[in-house]
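Heads up: the structure comes next, in structure tokens.
Please read all numbers here as calculations on a predicted model, not as lab measurements.
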Amino acid sequence: MAGLVLPHEEVSQGIDMNRDDPPKEFFVKESAFGAVDSSPPLIPIPVIDLSMLSTETELEKLRSALSTWGCFQAIGHGISSSFLDKVREMAKDFFLLPMEEKENCFREAYNNEGFGSDVVLSKGQVFDWCNRLSLMVFPENQRKVNFWPENPKDFGETLIEYTMNIRSIMTNGVMKSPVHRVTTNAEHMRGSVAVLIEPDIEEEIGPVEGLVNEERPKMYKTVKNYGHFNYTCFQKESSKFIAPTMAGLVLPHEEVSQGIDMNRDDPPKEFFVKESAFGAVDSSPPLIPIPVIDLSMLSTETELEKLRSALSTWGCFQAIGHGISSSFLDKVREMAKDFFLLPMEEKENCFREAYNNEGFGSDVVLSKGQVFDWCNRLSLMVFPENQRKVNFWPENPKDFGETLIEYTMNIRSVRDVVFKATAKSLNLEEDIFLKHFGEKSTMRIRIMTNGVMKSPVHRVTTNAEHMRGSVAVLIEPDIEEEIGPVEGLVNEERPKMYKTVKNYGHFNYTCFQKGIVPIDAVKL
């Protein structure tokens, strides 16, 4: 993954460096990694000429550098200075773009790539003073080019060439591995173009045989998916969690909620919505019975009309007659509950890593003053099958995977019935909605029905006495699929009300983080 990094704009722009300290969230006080209280002395690091590594002298310099410093400056690498200048300028030019343009590359809830900053892991976490643009460059078939900037114009071509130049090293502790640390500068912004080269997640990494002997016995364990392991360890220094949602299991945020006396204290301010286009609930809303639809009766005109009425007024309903047994639904709820009741040490085996949007955790930090959800999530891709990352799937409860797959398949069947019936209730072809949700495919029915069906904002209220858990399945169209009003619902009496959009999941997430209701943003 290639990462472009510059200081955190939303925060840094509001600070007078001559008078004010940065916010407390950016200070490291106590840490296993330590904090720099003053500027460190300038010590020249080793310089290695890569073009001379065929000589014993330079080879010994390389060994010395890696076994003492663990890093070096490379010269003689064959990459021209003019090209390196071009890469630096490209990175600088991207971060100097207006925020509105950079937001086109904004990281979404269901993806770890794109533009943004740190992930919230715990109360009291210390954040990096930066924004990042993170992109997967290789393997080529894993590139998500919808997050690649259109400006600067030759961004993609330059990044690929740079990464190909950089791609080109298990030494049982002979070579060192220093913690990456930089110091801040009150006068100048710092930018870097970093390329992270990681082994395949299934590749086992351990000391190579030639460096293990009686004099130097094996010092390190063999580990798989080291990127995930490495990220988890770093976060344990401050605490643990994170995640988005495909199949999502949700419970309140432990590290924060455990430290609050609900009878005396308010939750932290980061969890309060004060002013928002979505509004805040100041008191418990009245209990109103929502529509109930019997899916087994959708072949009748009466139930079909009830479905149309429910979706065109409420935008949601409770489904009965769906064919999923109560005992199985109880099993799913218990499975979710049992996972979140596991000790944190065991849940950490599913911990989300820096370069993956699946796994266990909570919210992503997007801006200063952001309001966070009071929850943890376990998010997993269930379908398509070839995109499952089973290393994030819990081993406990024992039948977790089997149960989740069966539940998701049942929900897909319900989806098919509802989509077809919705189309029929509008006198449209049965597959008019369903064909947009294939193997790679949140319901965008309001746009597709040209506003006939509603799409309410998902909101829940908290309860001081009881934890709330949910097992949600998100069904999304392919990111390349264009979603817009279908032809049969656009006419002179009801002109086209919404734009046609691609990658609606990304668009939806970006709008929410700006405090904009997504459906309003696509209105014509």
*Taking C-beta and beyond as the side chain, do Phe94 and Phe115 meet within less than 4.5 Å on heavy atoms?*
yes
*Is there a side-chain contact between Leu50 and Phe72, using heavy atoms and a 4.5 Å cut-off?*
yes
*Taking the side chain as every heavy atom from C-beta outward, state whether Leu66 and Lys61 have any atom pair closer than 4.5 Å.*
no
*Side-chain donor or acceptor of Gln73 paired with backbone N/O of Val47 under 3.5 Å*: no
*Would you mind reporting whether Ile75 and Ile48 have side-chain heavy atoms less than 4.5 Å apart?*
no
*Any donor and acceptor pair, going by atom type alone, linking the side chain of Ser64 with main-chain N or O of Glu60 inside 3.5 Å?*
no
*With side chains defined as the heavy atoms from C-beta onward, is the minimum distance between Asn396 and Glu346 less than 4.5 Å?*
yes
*asked:* Could you check whether atom CD of Glu487 has more than 12 heavy atoms from other residues, nucleotides or ligands sitting under 6.0 Å from it?
replied: no
*Quick one: do the Thr55 and Thr57 side chains pair a donor with an acceptor below 3.5 Å?*
no
*So do Arg88 and Lys92 actually touch side chain to side chain, heavy atoms under 4.5 Å?*
no
*Find the distance between CZ (Phe351) and CD (Glu358) and round it off to the nearest 0.5 Å.*
15.0 Å
*asked:* Using only atom types and a distance under 3.5 Å, with no angle test, would you say the side chain of Lys102 pairs donor to acceptor with the backbone of Leu97?
replied: yes
*Leu53 and Leu62: side-chain contact (heavy atoms from CB on, under 4.5 Å), yes or no, with the steps?*
CA-CA 8 Å; Leu53 285 176; Leu62 175 66; 4.0 Å; yes
*Find out whether Phe83 and Tyr162 are in side-chain contact, i.e. whether some heavy atom of one side chain is under 4.5 Å from a heavy atom of the other.*
yes
*Is NZ or CZ of Arg412 both nearer than 6.0 Å to the six-membered ring centre of Phe383 and within 45° of the ring axis?*
yes
*Heavy-atom side-chain contact between Trp148 and Arg143 under 4.5 Å*: yes
*Between Lys86 and Asp154, is the closest basic N to carboxylate O distance under 4.0 Å?*
yes
*Strictly by modelled atom types, are Asn349 and Glu395 linked by a side-chain donor-acceptor pair under 3.5 Å?*
no
